[in-house]
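Numbering of ligands and ligand atoms starts at 1, following listing order.
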Amino acid sequence: MTKKQILKKTETYIRKKFETEGTGHDWWHIKRVLNNARAIGRAEKADMFIVELGALLHDIADFKFHGGDDKIGGQAAAALLQKCKADSETIKKVRHIVDNVSFKGLGVTPTMKSLEGKVVQDADRLDALGAVGIARAFAYGGHKGRPIYDPTQKPQKAQTFAQYKKWESSSFHHFYEKLLHLKKLMNTKTGKKMAEKRHTFIIAFMKQFLAEWDGKL
Ligand code: ADP
Ligand code: NI
């Protein structure tokens with residue numbers, strides 16, 4: 001298959017698989033990440049074939065929905081690309097992206113090595129920020145049956161992936177445990193710039209939320 005055909009087939013497969021997803025990882029998340037990744041990848045002069053495949057496949061089998069297994073996504077992506085007869089270099093590069101894209105806790109050292117992976121990771125993180133990011137955090141928490149906020153809990157800083165995985169804190173705590181830190185974790189200059197406004201919006205939202213919580217507004 002040509003690169004164009006491989007991209008098309010991957011997109012069709014992912015679109016179908018994610019159409020009915022209800023945790024904020026639906027097809028439109030993938031589509032937004034693809035658009036972000038295109039903008040960042042072009043500006044950073046990345047290999048756009050790998051960037052687009054990485055964006056399309058990055059959530060193919062997330063550890064959060066597969067009993068905490070963080071290897072299953074890379075395997076699923078590789079299997080699909082093999083079916084498309086993609087070459088082994090491409091498969092290796094895309095697999096590296098899928099295996100390393102997820103946030104695993106604040107104290108956990110980032111493992112993404114390639115420029116293309118850094119682009120996809122930034123694109124994915126942008127979608128956890130801003131108005132869309134707020135909507136997704138509460139959609140995810142609701143899916144897990146968690147309260148929107150519980151002021152008796154303390155925000156935590158995960159030192160290991162195992163710790164991060166087992167926490168059950170409220171959706172609003174996720175802002176302290178991850179969302180507020182994403183801006184400084186952006187890999188690329190372009191990603192950092194794009195994160196600015198979305199980060200500011202999150203802070204304004206949190207202030208308003210806490211003021212309402214205390215009946216001050
Ligand atoms: P990443 O794209 O870094 O892997 P995730 O898959 O962890 O991100 O998260 C997908 C979406 O679900 C994001 O918008 C994220 O903020 C949200 N999310 C993940 N974990 C939680 C949680 N514990 N509480 C609320 N939202 C969450
Ligand atoms: Ni994602």
request  = Considering the heavy atoms of Leu179, write down every atom of ligand 1 situated less than 4.0 Å from one of them.
outcome  = 16 (O)

ask   = For His173, is the nearest heavy atom under 4.0 Å from an atom of ligand 1?
value = no

query = What pairs of residues pass the ring-ring contact (aromatic ring centres under 6.0 Å, His included) test when at least one of them lies in residues 190-217, not counting sequence neighbours?
reply = Tyr149-Phe209, Tyr149-Trp213, Phe172-Phe209, Phe175-Phe205, Phe205-Phe209, Phe209-Trp213

query = Would a distance-only check, ignoring hydrogens and angles, find a side-chain to backbone donor-acceptor pair under 3.5 Å from Asn36 to Ala123?
reply = yes

ask   = Does Arg125 approach ligand 1 within less than 4.0 angstrom via side chain, backbone, both or neither, non-hydrogen atoms only?
value = neither

inquiry  = Can you tell me which portion of Tyr140 lies within the under-4.0 Å heavy-atom range of ligand 1? Options are side chain, backbone, both, or neither.
reply    = side chain

inquiry  = Hydrophobic clustering (ILVMFWY, side-chain heavy atoms < 4.5 Å, transitive) - are Leu115 and Leu126 grouped together?
reply    = yes

Spacing of CZ belonging to Arg38 relative to CD1 belonging to Ile40, to within rounding of 0.5 Å = 13.0 Å

Contact check: Asp127 vs ligand 1, nitrogen or oxygen atoms, below 3.5 angstrom = no

inquiry  = So if I count the atoms of ligand 1 from 1 in the order they appear, which ones are less than 4.0 Å from some heavy atom of Ser102?
reply    = 4 (O)

query = Is there at least one pair of N or O atoms, one from Ser171 and one from ligand 1, spaced under 3.5 Å apart?
reply = no

note = The answer for which part of Asp59 has a heavy atom under 4.0 Å from ligand 1 is neither

ask   = Judging by distance only, is a nitrogen or oxygen of Tyr164 under 3.5 angstrom from one on ligand 1?
value = no

inquiry  = Ignoring hydrogens, what is the shortest heavy-atom contact between Lys183 and Ala195? Give both atom names and the distance.
reply    = CG-CB, 4.2 Å

query = Quick one: does Arg136 get an N or O within less than 3.5 Å of an N or O on ligand 1?
reply = yes

note = What one should report as the nearest heavy-atom pair of Phe161 and Val108 is N-CG2, 3.7 Å

request  = Have a look at Asp124 and say which of its N, O or S atoms is nearest the Ni ion (ligand 2).
outcome  = OD1

query = Taking atom 18 (N) of ligand 1 as the point of reference, which of Lys144, His174, Arg146, Gln121 owns the nearest heavy atom?
reply = His174

Atoms of ligand 1 close to Phe103 [distance to a heavy atom under 4.0 angstrom, numbered from 1] = 3 (O), 4 (O)

query = Do side-chain atoms of His29 reach the backbone of Asp127 as a donor and acceptor pair under 3.5 angstrom?
reply = no

message = Between the Ni ion (ligand 2) and Asp59, which N, O or S atom of the residue is the nearest one?
response = OD2

ask   = Can a donor-acceptor pair be found between the side chains of Glu177 and Ser169 at a distance below 3.5 Å?
value = yes

ask   = For the atom pair CE (Met1) and NZ (Lys85), what is the distance rounded to the nearest 0.5 Å?
value = 7.5 Å

Leu179 side, atom CG; His174 side, atom NE2 - distance, nearest 0.5 Å = 4.0 Å

request  = Could you please compute the angle at the Ni ion (ligand 2) from NE2 of His29 to NE2 of His58, rounded to 10°?
outcome  = 100°

key: ligand 1 contact on His58 by region, counting heavy-atom pairs under 4.0 Å   = neither

